[in-house]
Amino acid sequence: MLHLAANQDCPVHGAGGYDSDFSDDDGQGESSERGLKRKREEDILQKPFHKGRHSKVAHSSFHSNELDREEARNRRAHLISMNAFERHKKFVGDYILYYGGQMADFKRSAAKDKRDLDVLRENHRFLWRDEDEEDMTWEKELAKKYYDKLFKEYCIADLSRYKENKFGFRWRTENEVVAGKGQFQCGNKRCEKEEGLKSWEVNFAYVEQGEKRNALVKLRLCPECSFKLNYHHK
């Protein structure tokens, strides 16, 4: 049996005096390379919207800004879902809540409201002349459009105040022409007699828009209404 003597000059590896063929430094290098490779693969496979394993706490200002944006989006969606009148009421309510006041302060005044009939009465002309069609407004155009639809061969008369020598005349409408009123029936608006009608040509003097005017008009009246028309004439 061969006995080897220990040489004191040779270094001794390991606690037990035995040397190893695999070094610890080499193992640590391989594991670090595998870790770096694994990290690179995780970075490549990680999707943009995925958060990290250890996410940081957002700042309070960022949180408040996000809440403001969300509230603004909800408010805009709520306003879009409302119609114009509901939005108007909401804004008025917010104004009163912030600045104070009452709903009566926002009530629209109806003192100047006008119907089409009111506009016609204010701008009506018994006879439209060329000077009346100057500086036309929408009110005058409405009255002129109504005037053009009237039939101006015979008139309808109001003889209720004949004893005061006051008479009212107007042109016939389409329905009255179809019914024969003023031509085949008495032209007095309160009379419907059809017998003994007589035609009259009257010089109608009237005041319109503060101006005195005259018009020659034709009437068809029964004997009784003809007497009223000529009550102040022999």
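Keep in mind the model is a prediction, meaning the values are calculated, not measured. These numbers come from the heavy atoms of this one structure, side chains and all, not from hydrogens, waters or symmetry mates.
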Query - side chain to side chain contact (heavy atoms under 4.5 Å, CB included) between W138 and V119, intermediate numbers included - result: CA-CA 10 Å; W138 72 268; V119 175; 4.1 Å; yes

Report task. May I have the step-by-step check of side chain to side chain contact (heavy atoms under 4.5 Å, CB included) for K149 and E174, ending in yes or no? Result -> CA-CA 8 Å; K149 293 181 179 180; E174 182 179 1; over 6 Å; no

Report task. Run the numbers on D148 and K145 for salt bridge (Lys or Arg N to Asp or Glu O under 4.0 Å), then give the verdict. Result -> CA-CA 5 Å; D148 293 337; K145 187 175 181 180; over 6 Å; no

**Report entry** Residues R172, Y154; criterion side chain to side chain contact (heavy atoms under 4.5 Å, CB included); working and verdict
**Finding:** CA-CA 7 Å; R172 296 186 299 166; Y154 294 99; 4.0 Å; yes

Requested in this report: With side-chain hydrogen bond (donor to acceptor under 3.5 Å, both in side chains) as the test, would you mind laying out the steps for N175 and T173 before giving the verdict?
Outcome: CA-CA 6 Å; N175 293 335; T173 63; 5.3 Å; no

Report task. Please test R170 against H124 for side chain to side chain contact (heavy atoms under 4.5 Å, CB included), starting from the C-alpha separation and ending with a verdict. Result -> CA-CA 11 Å; R170 64 171 176 82; H124 175 70; over 6 Å; no

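Salt bridge annotation for E66-R69: present, with a cationic side-chain nitrogen under 4.0 angstrom from a carboxylate oxygen. Using a 4.0 Å cut-off between charged nitrogen and carboxylate oxygen, R73 and E70 count as a salt-bridge pair. Using a 4.0 Å cut-off between charged side-chain N and carboxylate O, R129 and D132 make no salt bridge. Comment: E33 does not engage K37 in a salt bridge, judged by the lack of any side-chain N to carboxylate O separation of less than 4.0 angstrom.
Nearest heavy-atom pair across K181 and C186 is NZ-O, 2.9 Å. For N188 against A157, the heavy-atom pair with the smallest separation is OD1-O, 3.3 Å.
Hydrophobic clustering (ILVMFWY, side-chain heavy atoms < 4.5 Å, transitive): M136 and L142 are in one cluster. Linking Ile, Leu, Val, Met, Phe, Trp and Tyr residues whenever their side-chain heavy atoms come within less than 4.5 Å leaves L219 and L197 in two separate clusters. I156 and V177 sit in two unconnected hydrophobic clusters of ILVMFWY residues. Membership requires side-chain heavy atoms under 4.5 Å apart, directly or through other members. Clustering ILVMFWY residues whenever any of their side-chain heavy atoms sit less than 4.5 angstrom apart, transitively, puts L127 in the very cluster that holds F167. In the hydrophobic cluster analysis, where Ile, Leu, Val, Met, Phe, Trp and Tyr join through side-chain heavy atoms closer than 4.5 angstrom, L221 is grouped together with F227.
The CG atom of D158 sits 5.0 Å away from atom CZ of R190, with the distance rounded to the nearest 0.5 Å. Here CZ of F62 is found 10.0 Å from CG of L67. Values are rounded to the nearest 0.5 Å. Going from atom CD of Q185 over to atom CD of E194 covers 4.5 Å, rounded to the nearest 0.5 Å. One finds the NZ atom of K228 at 6.5 Å from the CG atom of L159 (value rounded to the nearest 0.5 Å). Rounded to the nearest 0.5 Å, atoms NE2 (H78) and CZ (R87) are 10.5 Å apart. Between atom CD of residue E141 and atom NZ of residue K144 there is a gap of 10.5 Å, rounded to the nearest 0.5 Å.
Partners of F126 according to the ring-ring contact (aromatic ring centres under 6.0 Å, His included) rule, which considers only residues two or more places apart in sequence or in another chain, are W171, F204, Y206. When the side chain to side chain donor-acceptor pair (under 3.5 Å) test is applied to K114, the partners found at least two apart in sequence or on another chain are E122. For the side chain to side chain donor-acceptor pair (under 3.5 Å) test, residues two or more places apart in sequence or in another chain that qualify with K90 are D94.
Residues E133 and W128 meet the side-chain proximity criterion, which asks for heavy atoms closer than 4.5 Å. For the pair R220 and F184, the minimum side-chain heavy-atom distance is 4.5 Å or more. Side-chain atoms of E176 and Q183, non-hydrogen and from C-beta on, never get closer than 4.5 Å to each other. At a threshold of 4.5 Å between non-hydrogen side-chain atoms, the residues N83 and E86 count as touching. Within the 4.5 Å cutoff, the side chain of K89 has no heavy atoms near those of the M82 side chain. Inter-residue side-chain proximity for D116 and Y146 is flagged as unmet; no heavy-atom pair is nearer than 4.5 Å.
No more than 12 heavy atoms of other residues, nucleotides or ligands lie within 6.0 Å of CZ in R121, so this atom counts as exposed by the packing criterion. The environment of E192 atom CD is sparse: at most 12 non-hydrogen atoms of other residues, nucleotides or ligands sit within 6.0 angstrom. For E195, the CD atom is loosely surrounded, since the number of other residues' heavy atoms within 6.0 Å does not exceed 12.
When atom types are taken as modelled, the side chain of K152 and the backbone of L150 share a donor-acceptor pair closer than 3.5 angstrom. No donor-acceptor pair closer than 3.5 Å links the side chain of N74 to the backbone N or O of E71. The closest donor-acceptor contact from the side chain of K163 to the backbone of Y231 lies at 3.5 Å or more, if one exists at all.
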